[in-house]
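Order of appearance sets the numbers: ligands from 1, and atoms from 1 within every ligand. Because the structure is predicted, anything quoted here is derived from the model rather than measured. For this chain, numbers begin at 1 and follow the sequence in order.
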Amino acid sequence: MAILYAAEPEDAAGWQQSLLALDAGLEIRHWPDWGKAEEIDFVIVGGKSPGDLSVFPNLRAIQSTWAGVNHLLRSDGLPADVPIARMVDRGLTGSMAEFVVYHVLDELRDGPALRAAQAERNWLMAIPRQAAGLTVGILGLGTLGSDIAAKLAGLGFKVRGWSRSPKEAGPGITSFAGADSLPAFCTGTDILVCLLPLTAETENILDAKLFALLGDGTVLINAGRGAHLNEDDLLAALKTGRIGRAVLDVFRTEPLPEGHPFWRHPQVTISPHVAAITRAGTGAEDIYANFRRAMAGQNLLNQVDRDKGY
Ligand code: NAP
């Protein structure tokens, strides 16, 4: 009964230590030194698989250390009948909330304008807006989106969320569900946050068609995936003022190429895909729980629906 660690090699020591702290009896091997293939029951991968996982005849589960599994699901040699779990980690969820709340508050309190004014020694005495005057729309009201929605609603923002299925949203949060509700969701949204998984349905969702549903000066925060965004459409929308400012943590090509126009764009804030990362210290608990579940033949926590793609 062995676990094969096949995620990012630089994180291997941290995961091993955190898992052994939960159960000192675990046998953890490391890709590509798995020993006898038939002894591997459980594989831990990162954003994608490093190789063919169909070589393990007794594999019971594949656990990703990433929340988004879009790359993993496209990996070669992914056995069709082995369940896959994605990462839900309270450390990651908390970090994403900090990232989004920080940028929403920066917008509320005129951060960009104040920083520009300071550079000119300009005493810009604009009366700050209040949270209740701003509507934050979150595309994706799942694990991350719903946590952020509750935190922003707690600060007094008007919050709305969009998902595939309707949600029982908490106080101060309005739930919109399905493609037909997208225009209503966009109307009146001042700050648009994308926290969708990347699937065939959501790829390129942040495009000219969607921007046309928003009001002038809308702030875009994309922390989902780079391929959610049509970059040319964003550049055009920044030019017309439809999008006032964009905070981007994820990009089609990462690292963002040196010559990319986003780097020097005055209305774009770049963050190098660090909005939220999984922490071994907290994430190991769910991985260990899934290992035990897989060994007992039970359903996994946070099991991926391969048909839906998330
Ligand atoms: P999740 O719990 O699976 O939530 C996804 C949400 O998106 C759900 O509410 C789902 O609706 C909704 N959704 C999916 N497809 C949709 C569609 N076609 N139309 C409308 N709504 C749709 O995922 P999560 O844990 O919150 O993570 C979301 C994404 O964040 C990840 O997939 C990843 O790409 C990204 N992420 C980024 C970072 C970073 O550092 N930048 C870190 C972690 C995660 P239902 O609830 O109705 O299914």
Side-chain angles (χ1 to χ4, degrees), residues 8 46-48 63-74 84-103 137-151 159-170 173-186 192-207 210 213 220-229 246-252 254-256 269-279 282-283 286 300-310:
E8 288 75 12
K48 55 188 173 196
Q63 168 75 56
S64 176
T65 57
W66 286 38
V69 288
N70 50 299
H71 294 304
L72 176 61
L73 292 178
R74 285 190 213 137
I84 299 172
R86 67 187 196 89
M87 177 49 67
V88 171
D89 158 36
R90 62 179 192 284
L92 181 147
T93 303
S95 294
M96 185 59 87
E98 287 158 11
F99 176 84
V100 174
V101 171
Y102 163 70
H103 286 291
I138 304 174
L139 292 166
L141 208 51
T143 306
L144 302 178
S146 57
D147 180 71
I148 292 162
K151 286 172 176 161
V159 182
R160 49 178 69 165
W162 184 70
S163 49
R164 187 197 291 269
S165 51
K167 305 287 171 212
E168 273 189 34
I173 305 165
T174 311
S175 159
F176 293 75
D180 291 348
S181 71
L182 202 52
F185 166 86
C186 286
L192 181 70
V193 180
C194 178
L195 276 169
L196 287 164
L198 182 62
T199 66
E201 287 173 14
T202 65
E203 187 163 359
N204 278 317
I205 192 168
L206 303 172
D207 66 356
L210 183 133
L213 301 171
L220 172 68
I221 301 176
N222 186 21
R225 286 285 180 263
H228 284 133
L229 176 67
V247 176
L248 307 174
D249 181 59
V250 285
F251 303 89
R252 284 186 177 264
E254 295 179 0
L256 189 63
T269 300
I270 285 169
S271 158
H273 201 151
V274 289
I277 49 166
T278 304
R279 315 280 168 160
T282 43
D286 267 18
L300 302 179
L301 301 170
N302 311 306
Q303 191 164 323
V304 172
D305 180 331
R306 292 198 194 199
D307 292 333
K308 284 205 233 166
Y310 64 96

For [X], atoms of ligand 1 separated by under 4.0 Å from a heavy atom:
X	value
Val250	41 (N)
His273	39 (C), 40 (O), 41 (N)
Ala275	40 (O), 41 (N)
Gly68	31 (C), 32 (O), 33 (C)
Leu196	7 (O), 12 (C), 13 (N), 21 (N), 22 (C), 29 (C), 34 (O)

Does any part of the side chain of [Y], heavy atoms only, come nearer than 4.5 Å to the side chain of [X], both counted from C-beta?
X	Y	result
Arg279	Ser95	yes
Asp147	Met96	no
Thr199	Lys308	no
Leu139	Leu206	yes

Using every non-hydrogen atom in the two residues, find where [X] and [Y] come nearest and quote the distance to one decimal.
X	Y	value
Ile138	Gly145	CD1-O, 3.7 Å
Trp162	Gly178	NE1-O, 2.8 Å
Ala177	Arg164	CB-O, 3.7 Å

Provide, to 0.1 Å, the distance between [atom] and the closest protein heavy atom, together with that atom's residue and name.
atom	answer
atom 41 (N) of ligand 1	Asp249 OD2, 2.8 Å
atom 28 (C) of ligand 1	Leu195 O, 3.3 Å
atom 21 (N) of ligand 1	Arg164 N, 3.0 Å
atom 35 (C) of ligand 1	Gly224 O, 3.7 Å
atom 4 (O) of ligand 1	Gly142 CA, 3.2 Å
atom 27 (O) of ligand 1	Leu144 CD1, 3.5 Å
atom 32 (O) of ligand 1	Pro197 CA, 3.2 Å
atom 25 (O) of ligand 1	Arg86 NH1, 2.9 Å

Quiz item: Within the structure, does Ser165 bring an N/O atom to less than 3.5 angstrom of an N/O atom in ligand 1?
Solution: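 Yes; at least one N/O pair falls below 3.5 Å.
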Minimum distance, heavy atoms only, to [atom]: which one of [options] is it?
atom	options	result
atom 38 (C) of ligand 1	Glu201, Lys308, Glu203, Met96	Met96
atom 37 (C) of ligand 1	Gly309, Ala179, Ala276, Ala223	Ala223
atom 43 (C) of ligand 1	Gly145, Ala67, Ser175	Ala67

Exercise. Report the part of Asn70 in contact with ligand 1, treating N, CA, C, O as backbone and CB onward as side chain, heavy atoms under 4.0 Å; options are side chain, backbone, both, neither.
Key: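 No part of Asn70 comes within reach of ligand 1.
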Quiz item: Which bit of Thr143 is near ligand 1, meaning a heavy atom under 4.0 Å away: side chain, backbone, both or neither?
Solution: both
Quiz item: Does Ser175 reach the main-chain N or O of Pro166 with its side chain, forming a donor-acceptor pair under 3.5 Å?
Solution: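 No: the side chain of Ser175 does not pair with the backbone of Pro166.
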Self-check item: Min heavy-atom dist Thr199 to ligand 1 below 4.0 Å
Solution: no
Practice problem: State whether a side-chain donor-acceptor pair under 3.5 Å links Arg86 with Thr143. | Solution: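 Side chains of Arg86 and Thr143: pair found under 3.5 Å.
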Exercise. Before giving the answer on side-chain contact (heavy atoms from CB on, under 4.5 Å), spell out for Val250 and Leu229 the whole-Å C-alpha distance, their side-chain angles and the decisive distance to 0.1 Å.
Key: CA-CA 9 Å; Val250 285; Leu229 176 67; over 6 Å; no
Quiz prompt | Mutual orientation of the aromatic rings belonging to Phe185 and Phe176 [parallel < 30°, tilted 30-60°, perpendicular > 60°] | solution =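 Because their plane-to-plane angle is over 60°, the rings of Phe185 and Phe176 count as perpendicular.
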Quiz item: Between Leu92, Val193, Val100, which is the residue that forms a side-chain contact (heavy atoms from CB on, under 4.5 Å) with Leu144?
Solution: Leu92
